[in-house]
There are 2 protein chains.
Amino acid sequence: MPVNSFENYPMTWKPDKKQLASPIYRSIASLLEYDILNGYLSPNTKLPPQRELADYLDINLSTVTRAFKICEVKGLIYAVTGSGTFVAPNVGNAIFMADSEENKSFIEMGIIEPLDCSNALVAETIKRIVTKNYLEKLLDYRHPLGMPYHRMAAKKWMERFNMDVSVENIAITSGGQNSLTLILMSLFNPGDKIAVDTYTYPNFIELANMLNIHLVPVEGDTFGMLPERLDAICRANHLQGIYLIPSCNNPTAIIMDMNRRKDIAKVINKHNLILMEDDIFSFLTPQGYLPISHFVPERFVYSLSISKSLSSGMRVGFLAYANQFAEKITHGIFNINIKTSSLNAEVITELINTGSAEKIISQKKEIAKERNLIYQKYFLKENSNENPLSFFRWLPLRQKYQLKQFEQNALEHGIHVYHSHRFLVKKDKSDQFIRISLTSAKDSDELEKGLCILKNFLLNIE
Amino acid sequence: MPVNSFENYPMTWKPDKKQLASPIYRSIASLLEYDILNGYLSPNTKLPPQRELADYLDINLSTVTRAFKICEVKGLIYAVTGSGTFVAPNVGNAIFMADSEENKSFIEMGIIEPLDCSNALVAETIKRIVTKNYLEKLLDYRHPLGMPYHRMAAKKWMERFNMDVSVENIAITSGGQNSLTLILMSLFNPGDKIAVDTYTYPNFIELANMLNIHLVPVEGDTFGMLPERLDAICRANHLQGIYLIPSCNNPTAIIMDMNRRKDIAKVINKHNLILMEDDIFSFLTPQGYLPISHFVPERFVYSLSISKSLSSGMRVGFLAYANQFAEKITHGIFNINIKTSSLNAEVITELINTGSAEKIISQKKEIAKERNLIYQKYFLKENSNENPLSFFRWLPLRQKYQLKQFEQNALEHGIHVYHSHRFLVKKDKSDQFIRISLTSAKDSDELEKGLCILKNFLLNIE
DNA sequence: CGATTTGTACGTTCACATTTT
DNA sequence: AAAAATGTGAACGTACAAATC
């Protein structure tokens, strides 16, 4: 029996009943979308409970649920059982480089640049390659997974980081981000669920959103993700996969130690998850760590990006995977890219085979060390498991702020930093931090200046 | 009231009732998946009607529908209203190059290779570039959409094909296939529907499948897709987009004439569709054609691949789009690729700016002309709207065959060709054809030999 | 800590569109 | 051309789980 006395109920959003046409749930969804996109509903507004709306519109509860689901998938709203449904805070937290910021008016400590000091060496290598007589062989579109010679180099480079895998299980991709796209598209379906650290790489979050793959945050301690929590969530949720950056989690900078790696691997095996191990920062990790993939040989996908370590501009990445995924990934490569240019793969191969690669990473580690020392002049490192050579640091805030407001405020003081909300799957009232990039300032002096501004800025507002 | 007398009903698939646990629909889906993947159900087997299965299992009809939906999304089965549900024929019709086929034992007339005669010119260009003093500038990861200079070259190249668009509405991608991925991921959501020609590019079909985007085939005549049919389907279906290759539809080789382009554009505007215009073969089209995008300036995405026209190995593509899509596409590029290597874009830019590009396409057109003449010695061209310089031809079969069987049979005779079923969204009893690639045989002699084998082969089996 | 609020998941009913007979 | 077979999509009712008070 409908109760038609809701005219006085304080509903934050009242769709126009007259505008409801069949299918009702779609009507509701588009009215809601319209009102959000046109600013009639501001971010974080709490929408009426689904039951109230259903009563008010004189329709069934699940019809409202469905309508809300559409908007949630589009990222317009988010819902929390028990508390309600809310208009999403301004969408798009992915971190990306503006198209033209040649002359920045601020010190960059947001984006993590790769210390492109190596470009001179890369340029030399390119010059050397074009003199080779097989140059034309690099220009056709055979070998979608990469030329055997390039895959051998990839194998060699992986071994350097204790990842042992056969050439048949390696593919060349167009960079780390491209590897992630490839993995998500090839091995997962819309609606699948993947476990991630509470704070994780925002571009992975956004990529998953685009593909309608749901991320489930799992709490961690100072060693990284907690195996018991992962296990509990798996028992309740039917997850398909897990994404980890164990060599230096972005943004927390935690290195996962061997014990934790083994414990996580056990849970992965127990629940048949697909492990996506992003080892982009392995070149900053001390010797002696084995990848988690090592312990789940039947169900791993291992991405070794070279954008941070060797060359960001070449857009080449290495991907290794368990046998069972070979066919799907081959297919995926073909559908997404056809292939990665062999010319680019050749450049990286040459770097690896001539030893230039080693030179580049030791240079970068040197600079990273220096910049971390500078950081410690201003702020304490709170967790001893953080990677000492990390390209970024993770600083707890003592108060709560709004993401945009905080970042904007910092920018007005001349520094660009990222607030921890960007790294959350669901924006909630978790502890707040900022991620401070150490590698994007032009030099040590600029970094020092930036950190100084930051320190004062925090003192003033706290 | 359940009728429990189905023990004798000839059901092709009987799931074990005892194995059904809650959620029922998931149980059914996984049992079905298991039986298909393990070969207990062979391709094209007709499954019991959903109603029968529901009765047999003593559950509701829609529970079965939902279970089947899961398997359909995964590509394991397909359903046709009125006729039933069937186990999908062996999945994966996308056309792709085996990883190592250096020494083929057959004549290649399946894959469409790009006539890589241009590679010498490209190699020269690369050698020239590495001597430039701005080489290092090409190695960083600024300019996700492409450096301004490269986007200018893209604009110039688009103008060459009568596509007029501002530099702000152009991005550099990692090739045509990558552009398609980008468009589908950035502008569409899982579950969206896109109109395509009855016979269309198989890699687009498979890409859409991966992203769970539904393709709706629209009939055409000798001029290409029929505007009335498109209009009718839009009125019944709520489509979000349309994908067309008007300069030389793959596989039918039809050029859409100006009248048809305008009529299709009207329908696109009427129903607010997003037009995806794939102009990969524009370099083979006579002067005087305007892209369909020209007539839908608010809702087009225009992909100009250079893989077939200039260089397949560089993996560079150009993408233009209406204002409203700029933000989403920028985001998409960042999520999928971060960017395309500027080195590669520079090579293509140099080709365009020095006039080498013109030289390459006139060379290719010359060869295409010659090979089409050879083709006409063996087979008639049936439709006068087919592109006379097409890299492939479309030959009607007089009888019906099974895709795999036909192709395998041809292969045993020493020729590789593709059967029309690969180009269908839903495999049905449409008219059958084969697509014959003219550009992949090593030279004219080999092509002639291949066509000769084909002619005899068809005579023998028909 | 237990009751209440609120969102989620699943199975059901029914009207309808398309294909086949 | 009408009837039967068959899949699809919308809306509904109920049980449950998580968050809050």
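What's counted below: heavy atoms across the whole structure, side chains too, no hydrogens, waters or symmetry copies. In the text below, chain A, chain B and the rest are named by the order of the sequence lines, each starting its count at 1.
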Report summary line: The nucleotide from C:dT19, D:dA11, D:dG7 with an atom nearest the side chain of B:Val80 is C:dT19
Requested in this report: Take atom CG of A:Leu53 and atom P of C:dT5, then tell me their distance rounded to the nearest Å.
Outcome: 17 Å
Report task. Examine the side chains of B:Asp197 and B:Thr200 and answer whether a donor and an acceptor come within less than 3.5 Å of each other. Result -> no
Report task. For A:Leu61, report the nucleic acid contact type (base, sugar-phosphate, nothing); a contact means any heavy atom under 4.0 Å. Result -> base
Report task. Look through every strand shown and name the nucleotide pairing with D:dA1 as Watson-Crick or G-U wobble, where both distances are under 3.5 Å. Result -> none
Requested in this report: Looking at every strand, decide which applies to A:Ser83 at a 4.0 Å heavy-atom threshold: base, sugar-phosphate, or nothing.
Outcome: sugar-phosphate
Query raised in the report: When the ring planes of A:Phe433 and A:Tyr199 are compared, do they come out parallel, tilted or perpendicular, using 30° and 60° as the limits?
Result: perpendicular
Requested in this report: Could you tell me whether B:Lys17 sits above the aromatic face of B:Tyr56, with NZ or CZ closer than 6.0 angstrom to the six-membered ring centre and within 45 degrees of the axis?
Outcome: yes
Query raised in the report: Think B:Gln50 has a side-chain N or O under 4.0 angstrom from the OP1 or OP2 of D:dA5?
Result: no
Report task. Look at B:Arg260 together with B:Asp263 and state whether they make a salt bridge at an N to O cut-off of under 4.0 Å. Result -> no
Query raised in the report: Want to settle it: does A:Ala79 or B:Thr81 sit nearer the 5' end of DNA chain C, counting the closest nucleotide to each?
Result: A:Ala79
Requested in this report: Give one of base, sugar-phosphate or nothing for B:Ser62, where a contact means two heavy atoms less than 4.0 Å apart.
Outcome: base
**Report entry** B:Tyr56 OH to D:dT6 P, straight-line distance once rounded to whole Å
**Finding:** 18 Å
Query raised in the report: In whole angstroms, how far is the P atom of D:dA10 from the CD1 atom of A:Ile70?
Result: 9 Å
Query raised in the report: Over how many whole Å does the gap from B:Glu52 atom CD to D:dA5 atom P extend?
Result: 9 Å
Requested in this report: Tell me which nucleotide among D:dA11, D:dT8, C:dT12 gets nearest to the side chain of B:Lys69.
Outcome: D:dT8
Report task. Look at A:Asn60 and D:dG13 and indicate whether a side-chain polar atom (N or O) is within less than 4.0 Å of OP1 or OP2. Result -> yes
Query raised in the report: How are the rings of B:Tyr243 and B:Phe204 set relative to one another: parallel (under 30°), tilted (30 to 60°) or perpendicular (over 60°)?
Result: parallel
Query raised in the report: Is any N or O donor-acceptor pair between the side chain of A:Arg66 and the base of D:dA11 shorter than 3.5 Å?
Result: yes
Query raised in the report: To the nearest angstrom, how far is A:Arg51 atom CZ from C:dT8 atom P?
Result: 11 Å
Query - B:Tyr25 side chain near C:dC10 phosphate (N/O to OP1/OP2, under 4.0 Å) - result: yes
**Report entry** Integer-rounded Å distance: C:dT6 C1' and A:Lys46 NZ
**Finding:** 8 Å
Requested in this report: Find the distance B:Arg26:CZ to C:dG11:C1' and express it as a whole number of Å.
Outcome: 14 Å
**Report entry** Candidate nucleotides D:dC12, D:dA11, C:dT6, ranked by approach to the side chain of A:Ile59 - the nearest
**Finding:** D:dC12
Query raised in the report: In whole Å, what is the span from the CZ atom of B:Phe68 to the P atom of D:dG9?
Result: 15 Å
